[in-house]
Number of protein chains: 2
Amino acid sequence: MRRWGAGRGLLPTLNHLIALEATARLGSFRAAAEEMSLTQGAVAQQVRALEKEFDCPLFDRLPRGLSANRQGREYITRLRLALGIIDEATRELLHRDTPDEAGRLIVSTTSTFASRWLIPRLPEFSRANPDIAVMIDACDTARPLSGKGCVDMAIRWGAPPFAESHARFLLPASSIPVCAPALLSNSKALSPDNLDELPLISDSHKNWQRWFESCGRPGVKISGPVFSQTSHAIEAAEQGMGVALVPWLFVEAALHAGTLVHALNNQLQLDTDAGFYIMTAQPSGPESACGRVIDWLLAQGRAIEPAGP
Amino acid sequence: MRRWGAGRGLLPTLNHLIALEATARLGSFRAAAEEMSLTQGAVAQQVRALEKEFDCPLFDRLPRGLSANRQGREYITRLRLALGIIDEATRELLHRDTPDEAGRLIVSTTSTFASRWLIPRLPEFSRANPDIAVMIDACDTARPLSGKGCVDMAIRWGAPPFAESHARFLLPASSIPVCAPALLSNSKALSPDNLDELPLISDSHKNWQRWFESCGRPGVKISGPVFSQTSHAIEAAEQGMGVALVPWLFVEAALHAGTLVHALNNQLQLDTDAGFYIMTAQPSGPESACGRVIDWLLAQGRAIEPAGP
DNA sequence: CAAAGACAGTAGGAAAACTACAGGATGAGA
DNA sequence: TCTCATCCTGTAGTTTTCCTACTGTCTTTG
């Protein structure tokens with residue numbers, strides 16, 4: 001009997017369990033031995049060894065085979081469940097449809113972060129690292145970092161501490177109010193006191209409320225177009241539909257290109273303690289594919305920060 | 001890689017999986033080896049063997065330990081689940097609180113069958129088989145014959161075929177109308193045509209409707225006391241509350257003792273294709289405790305039948 | 001630049017698993 | 001009733017697997 005984990009667990013000789021299961025299913029050592037391509041004696045020894053390990057008989061010996069007793073039935077039913085899980089996991093591992101999956105790295109992030117920050121920078125990475133194929137899984141609900149359907153890393157907005165994962169800070173999430181330049185041309189100077197006279201574009205983060213609160217104007221009524229995704233809010237602002245309050249890093253390129261301008265002439269931004277973090281199941285070394293992607297991401301993040309407002 | 005079941009399944013060398021799990025959890029061969037009281041090389045070989053078996057790396061090799069890659073994380077998460085199930089089943093098997101459980105046999109049946117048929121006959125069996133302790137688990141919902149909390153056999157009312165279990169016919173379930181003798185003394189002769197003038201005691205089996213239908217009187221309104229358990233209906237009949245339509249075998253003793261009489265002078269009974277069956281997970285040999293109980297039950301059933309109406 | 005710590009790989013001994021065969025019990029069939 | 005067939009039990013002896021011990025290589029660290 002083998003200890004497991006921190007000594008709390010107990011596991012029998014696992015290889016013997018296959019013989020146990022087959023014997024229970026087929027009702028005799030002989031039939032089980034035939035299925036397993038072994039001799040009858042080998043199977044009998046394995047099962048006897050388990051019964052001795054447990055100090056508890058699992059079968060009634062009949063003149064014509066065996067029949068599991070109550071403890072045996074109870075144990076074997078649960079054993080089948082466990083073996084089925086291992087079997088399923090093993091077959092999926094063997095019959096994985098993409099044989100080159102080893103060099104493929106799946107990054108889960110939001111649609112907005114992917115289109116506004118990650119994808120524009122990705123070609124450079126791929127040129128420098130042709131052996132790593134980065135796949136972006138844009139999904140607004142978080143994907144698991146371990147288990148079935150897991151991803152290699154996730155880039156998510158949030159604040160520490162993060163349970164069950166290893167997180168590294170990537171980028172701050174300071175938001176600024178932006179709009180199309182045309183919206184400002186023929187009107188008076190804007191300030192926190194009169195900004196709400198323009199349409200205020202909202203996304204699902206409810207930033208405007210906190211922004212007005214930090215300006216000393218709590219309870220301002222937010223009216224204007226509403227989008228679930230930040231990227232849609234940005235596009236609406238570019239179309240002149242109003243003022244959007246969005247993370248600065250998502251509109252850096254648009255500000256540079258002139259399709260968006262800071263609505264308050266770089267005066268105010270909404271600082272939060274939250275930011276964008278890279279999350280992985282465990283720390284990765286700098287030489288692994290995952291580690292190389294993380295290092296590159298962090299370098300990109302450092303490169304962009306000093307140019308901020 | 002081992003085939004499993006009818007060849008559909010595939011299982012790796014199960015003993016190696018413990019090393020795999022520990023390595024993933026502790027992040028290095030060395031730490032895993034220490035936990036398992038082995039050398040670093042042994043653990044490394046086991047994990048390498050698995051990776052070769054799967055033809056798929058499960059870990060990224062870091063300069064300072066290892067880190068599971070995506071396939072590894074996915075596999076190990078599911079592996080932990082399976083090992084946890086085996087561990088739990090094993091610990092419950094080892095720490096079972098009743099060491100003499102091997103000689104204890106749990107029979108699941110209904111409260112009525114237990115009190116009206118089984119318990120009266122049980123002392124005789126126990127005298128003849130002092131080594132078998134029969135425990136009766138009276139429960140109106142069926143208990144499983146395998147898995148956690150399973151019972152050794154169940155005696156249940158029903159008709160073949162029974163899925164997922166081995167059934168042997170024990171007793172017919174023919175029902176007869178019975179009542180207290182006092183109920184008949186000062187009244188005219190009863191027949192199916194006027195029986196419904198007396199209170200009709202019902203249990204949850206809705207026998208009266210079918211009984212009147214088989215007498216050519218469908219749609220008769222059933223009025224009288226209603227009980228969920230047949231035994232309570234019998235007790236009510238004994239108290240003179242009305243006529244109960246119950247399996248003959250439950251009132252055999254009462255008819256003999258005179259506390260109940262056949263309401264129609266042995267004329268009519270309700271025959272159904274259903275009956276009482278002994279159900280076990282698998283056939284048991286005549287020498288096993290389970291087999292001896294079954295043989296005795298069947299003998300009791302045969303002994304009672306010829307004396308029937 | 002050297003020391004420490006980790007994994008990779010290999011040879012040989014230790015342990016286990018498996019086979020083969022003898023023995024005993026039970027049921028089927030002549 | 002007797003024999004045969006079938007199945008489990010148990011025990012050597014052999015084969016295979018597993019584990020250890022050790023060397024080599026790489027990387028971090030002081």
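Numbers restart at 1 for each chain; the letters A, B, ... are given by sequence-line order, proteins then strands.
Of the candidate nucleotides C:dA8, D:dC19, C:dC18, D:dC19 has the atom nearest to the side chain of B:T39. Side-chain atoms of A:A42 lie closest to C:dT19 of the nucleotides D:dC19, C:dT19, C:dG9. For A:L38, taking side-chain heavy atoms from C-beta onward, the closest of the listed nucleotides C:dT19, C:dG9, C:dC7 is C:dT19. Of the candidate nucleotides C:dA17, C:dG27, D:dT9, C:dA17 has the atom nearest to the side chain of A:Q46.
Smallest separation of non-hydrogen atoms from A:L94 and B:E53: CD2-O, 4.1 Å. When every heavy atom of A:A154 is checked against every heavy atom of A:L145, the shortest pair comes out as N-CD2, 4.0 Å. Nearest approach of B:A22 to B:E35, heavy atoms of both residues: CB-OE2, 4.0 Å.
The side chain of B:R64 contributes no N or O atom lying less than 4.0 Å from OP1 or OP2 of C:dG5. Regarding contacts with the backbone of D:dT9, a side-chain N or O of A:R61 is found under 4.0 angstrom from either OP1 or OP2. Dashed line: the shortest gap from a side-chain N or O of A:R30 to OP1 or OP2 of D:dC7 is under 4.0 Å.
At whole-Å resolution of the value, NE2 in A:H16 and C1' in C:dA15 are 12 Å apart. Atom CZ of A:F59 and atom P of D:dT9 are 10 Å apart (whole Å). If you take CD of A:Q45 and C1' of D:dT15, they are 14 Å apart, rounded to a whole angstrom. Look at CG on A:L14: it is 13 Å from P on D:dC18, rounded to the nearest Å. Rounded to whole angstrom, the span from the NZ atom of A:K52 across to the C1' atom of D:dT9 amounts to 14 Å. Regarding B:L66, its CG atom lies at a distance of 17 Å from the P atom of D:dC26, rounded to whole Å. Put simply, CD on B:E34 is 13 Å from P on C:dG5, counting in whole angstrom units. A:L58 has its CG atom 15 Å from the P atom of D:dC8, to the nearest Å.
A side-chain N or O of A:E21 and one of B:W4 form a donor-acceptor pair less than 3.5 Å apart. Between the side chains of A:S67 and A:R61, no donor N or O sits under 3.5 Å from an acceptor N or O.
Looking at heavy-atom distances under 4.0 Å, A:Q40 makes contact with a base.
Of the two residues near DNA chain D, A:N15 and A:P63, the one whose nearest nucleotide lies more 5' is A:P63.
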